Amino acid sequence: MNMSKRSLKYVPLLCLALVFTQCKTKTENASDNQEQNLTKEMTTKHQISTSEFGKLPSGEKITKYRLVNENGMEVDIINYGGIITNLKVPDKNGVNKDVVLGFNSLDGYLTPSPYFGAIIGRYGNRIAGGKFVIDGKEYTLALNDGKNHLHGGNKGFDKVVWEATQISNSKSVSLQLSYLSKDMEEGYPGNLKTTVTYTLDNSNSLKVKYEATSDKKTVVNLTQHSYFNLSGDFSKKILDHQIMINADAFLPVDATLIPTGEFRKVKGTPFNFTSAKAIGKEINSENEQLKRGLGYDHCWVLKDQDKGQRLAATAYDPKSGRFMEVFTDQPGIQFYTGNFLDGTLPAKGGGTYAKRTGFCLETQHYPDSPNQKDFPSVLLSPGEKYQTETSFKFSVK
Ligand code: BGC
């Protein structure tokens, strides 16, 4: 009796504890559900999907990976050449349009293509005479650009099949591409293990991370060769796009587009993009360097080379309002204004790609560095890791 009396005394307390526990469980369940919903939302809005893009003459299937973020920005990448085939970003009215030049099908990329959207390697841009020396040994590369070597040779990284891995987390989606370039492939020494990871996040930034290691001393200079037209209309020239390049100097070139070795100040020349200006403003000026490049096709010497990631360049299309910022840790950026496009290649939306309907901003080491003693070194030794990152961030103004 006494016992039960004592127990009765505790009944209200027990009830309170029970109610509290139940409330707590309910709240936990609710937040669990919320989290589940959020994850569900994330995975529906923020994802990677795959489809077949075509077949190589060997019969090998090429896959297209579509990375989509929460804002609906879309990047299509194929495992052939690591090529970005489409990149859809919103304009100031929220209208998504494709802003990179490319082809509708794999066939376009299999016939000679001006490296539309591709990963470039082992060496971005030119190496004079296709020769360089490491430790007294001369290496000879293919001459695929007149008397020079360009963008890795006859079968560079733009023309190989990469092994693809999809990665996604709560903040971003990535496609990791790996390729082993065998010792002496295209004339370059060393087995070069390369990984390029594309990451799309919810701030509309597309990051490209490059990593490589070699078992012999070699030279490496990787880049991404997308041709942008922020208007989303490939029948329009890019001459009214405004470009800023964070550089006080550029590298003048000889008649075959090899840097002369001079670092020339941009001040007072058509090469001054320290404040944003229209590409077309001075592109046709009387200028020997513009004549040699048939427009802009030069490497700019970026500022703050010791600062790691920093803003290298911006591009703005006043009509659509699309704005692109390029961040990198690289010393240089090749600004190329599509001078060799000649209206023969079929455009994705119909018609053809005419001269200056796309521009490239290729972050990289300077062209011909292996042969230029005053340029930063591009040598990679066994035990070292080549590591660099570039981001293309899209917004509107
Ligand atoms: C080079 C150009 C070349 C283009 C396409 C650019 O990176 O600077 O000279 O024509 O790539 O091959």
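Since the structure is predicted, the reported quantities are computational estimates derived from the model, not experimental observations. Counting from 1, the numbers follow the sequence of the chain as shown.
- Ionic pairing of E60 and K55 is not present here: no N-O contact between side-chain nitrogen and carboxylate oxygen is shorter than 4.0 angstrom.
- Under 3.5 Å, the side chains of S105 and D107 contain no donor-acceptor pair of N or O atoms.
- With hydrophobic clusters built from ILVMFWY side chains whose heavy atoms lie under 4.5 angstrom apart, I279 shares a cluster with L290.
- For the 3.5 Å distance criterion, the side chains of S181 and R122 qualify, holding a donor opposite an acceptor.
- Smallest separation of non-hydrogen atoms from P189 and T218: O-OG1, 2.8 Å.
- Taking 4.5 Å as the limit, some side-chain heavy atom of R126 sits within range of a side-chain heavy atom of L257.
- Partner F273 forms a ring-ring contact (aromatic ring centres under 6.0 Å, His included) with one of F335, F250, Y316, F359 and no other, that one being F335.
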Exercise. Please walk me through it: do K97 and D91 pass salt bridge (charged side-chain N to carboxylate O under 4.0 Å, His left out)?
Worked result: CA-CA 8 Å; K97 273 198 177 164; D91 69 0; over 6 Å; no
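- A salt bridge links E282 to K277: at least one charged side-chain nitrogen sits closer than 4.0 Å to a carboxylate oxygen.
- Checking N191 against D215 by side-chain atom types alone, a donor-acceptor pair falls below 3.5 Å.
- Around the NZ atom of K147, the shell of radius 6.0 Å holds no more than 12 heavy atoms that belong to other residues, nucleotides or ligands.
- Proximity of I127 to N371: side-chain heavy atoms (C-beta onward) are separated by under 4.5 Å at one or more points.
- Taking 4.5 Å as the limit, some side-chain heavy atom of R322 sits within range of a side-chain heavy atom of V89.
- Ring pair F375/F263: centre-to-centre distance below 6.0 Å.
- L230 and V75 fall within a single hydrophobic cluster, where Ile, Leu, Val, Met, Phe, Trp and Tyr are joined by side-chain heavy atoms under 4.5 Å apart, directly or via other members.
- For the atom pair OH (Y115) and NE2 (H151), the distance works out to 6.0 Å, reported to the nearest 0.5 Å.
- With K92 contributing its side chain and K319 its backbone, the two residues share a donor-acceptor pair below 3.5 Å.
- If you look at Y386 and H365, their ring centroids are not closer than 6.0 Å.
- Side-chain N/O atoms of E163 and S178 include no donor and acceptor closer than 3.5 Å.
- If you check the side chains of S235 and D233, you find a donor sitting under 3.5 Å from an acceptor.
- Counting only N and O atoms by type, the side chains of S320 and D317 include a donor and acceptor under 3.5 Å apart.
- Judged by distance alone, the side chain of N169 and the main-chain N or O of K171 form a donor-acceptor pair under 3.5 Å.
- Below 30°, between 30° and 60°, or above 60°: for Y296 and W300 the angle between ring planes is between 30° and 60°, a tilted geometry.
- Side-chain heavy atoms closer than 4.5 Å link hydrophobic residues (I, L, V, M, F, W, Y) into clusters, and following such links, possibly through other members, connects L175 to Y210.
- Atom CD of E52 is separated from atom NZ of K61 by 5.0 Å, given to the nearest 0.5 angstrom.
- For NZ of K237, the number of neighbouring non-hydrogen atoms (other residues, nucleotides, ligands) closer than 6.0 Å is greater than 12.
- Take D98 and apply the salt bridge (Lys or Arg N to Asp or Glu O under 4.0 Å) test, not counting sequence neighbours, and it matches K348.
- Inter-residue side-chain proximity for T194 and T213 is flagged as unmet; no heavy-atom pair is nearer than 4.5 Å.
- At a threshold of 4.5 Å between non-hydrogen side-chain atoms, the residues V301 and Q305 count as touching.
- In the hydrophobic cluster analysis, where Ile, Leu, Val, Met, Phe, Trp and Tyr join through side-chain heavy atoms closer than 4.5 angstrom, I238 is grouped together with I84.
- Put simply, the residue from T390, T388, T363, T223 that forms a side-chain hydrogen bond (donor to acceptor under 3.5 Å, both in side chains) with Q330 is T388.
- For F116, the ring-ring contact (aromatic ring centres under 6.0 Å, His included) criterion is met by F103, Y227, Y353, not counting sequence neighbours.
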Problem set entry | ring pair (Phe, Tyr, Trp, His ring centres under 6.0 Å) assessment of Y188 paired with H149 | CA-CA 12 Å; Y188 291 93; H149 174 84; 5.6 Å; yes
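- Geometrically, K236 does not engage F234 in a cation-pi contact defined by less than 6.0 Å to the ring centre and at most 45° from the axis.
- No cation-pi contact links K64 to F53, judged by a cut-off of 6.0 Å to the six-membered ring centre and 45° from its axis.
- Linking ILVMFWY residues whenever their side-chain heavy atoms come closer than 4.5 Å, directly or via other members, leaves F228 and L101 in distinct clusters.
- Here the two rings, on F157 and Y179, have centers that are under 6.0 Å apart.
- Residue K207 qualifies as open at atom NZ: its count of foreign heavy atoms under 6.0 Å is 12 or below.
- Contact between S174 and T197 at its shortest, heavy atoms only, is CB-CG2, 4.0 Å.
- Between the side chains of S381 and K217, no donor N or O sits under 3.5 Å from an acceptor N or O.
- In this structure a side-chain-to-backbone donor-acceptor pair under 3.5 Å is present from Q224 to S226.
- With no hydrogens or angles considered, a side-chain donor-acceptor pair links S231 and N229 at under 3.5 Å.
- Heavy atoms only, all atoms of each residue included: L380 and V220 are closest at CD2-CG2, 3.8 Å.
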Problem set entry | Chi angles and distances behind the side-chain hydrogen bond (donor to acceptor under 3.5 Å, both in side chains) call for K131, T140 | CA-CA 5 Å; K131 285 192 190 302; T140 304; 3.2 Å; yes
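- In this structure, the separation between CD1 on I83 and CG on L177 is 11.0 Å, given to the nearest 0.5 Å.
- Taking the side chain as every heavy atom from C-beta outward, L379 and I134 approach each other to under 4.5 Å.
- Side-chain polar atoms of D145 and N148 form no donor-acceptor pair below 3.5 angstrom.
- Here the NZ atom belonging to K209 is positioned 11.5 Å from the OG atom belonging to S391, to the nearest 0.5 angstrom.
- A donor-acceptor contact shorter than 3.5 Å is absent between the side chain of S285 and the backbone of N287.
- Side-chain contact between E138 and F132: absent, with no pair of heavy atoms (C-beta onward) separated by less than 4.5 Å.
- When every heavy atom of A128 is checked against every heavy atom of D368, the shortest pair comes out as N-OD1, 3.0 Å.
- In this structure, H241 NE2 and T337 OG1 are separated by 12.5 Å, a value rounded to the nearest 0.5 Å.
- The shortest side-chain heavy-atom distance between M244 and L311 falls under the 4.5 Å cut-off.
- A salt bridge does not link K355 to D342: none of the charged side-chain nitrogens sits closer than 4.0 Å to a carboxylate oxygen.
- No donor-acceptor contact under 3.5 angstrom links the side chains of H298 and Q334, judged on distance only.
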For this session: With side-chain hydrogen bond (donor to acceptor under 3.5 Å, both in side chains) as the test, would you mind laying out the steps for N204 and N71 before giving the verdict?
Result: CA-CA 8 Å; N204 286 5; N71 315 316; 2.7 Å; yes
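- How far CG of L200 is from OG of S172: 8.0 Å, rounded to the nearest 0.5 Å.
- Between D76 and R66 a salt bridge is recorded (basic side-chain N to carboxylate O distance below 4.0 Å).
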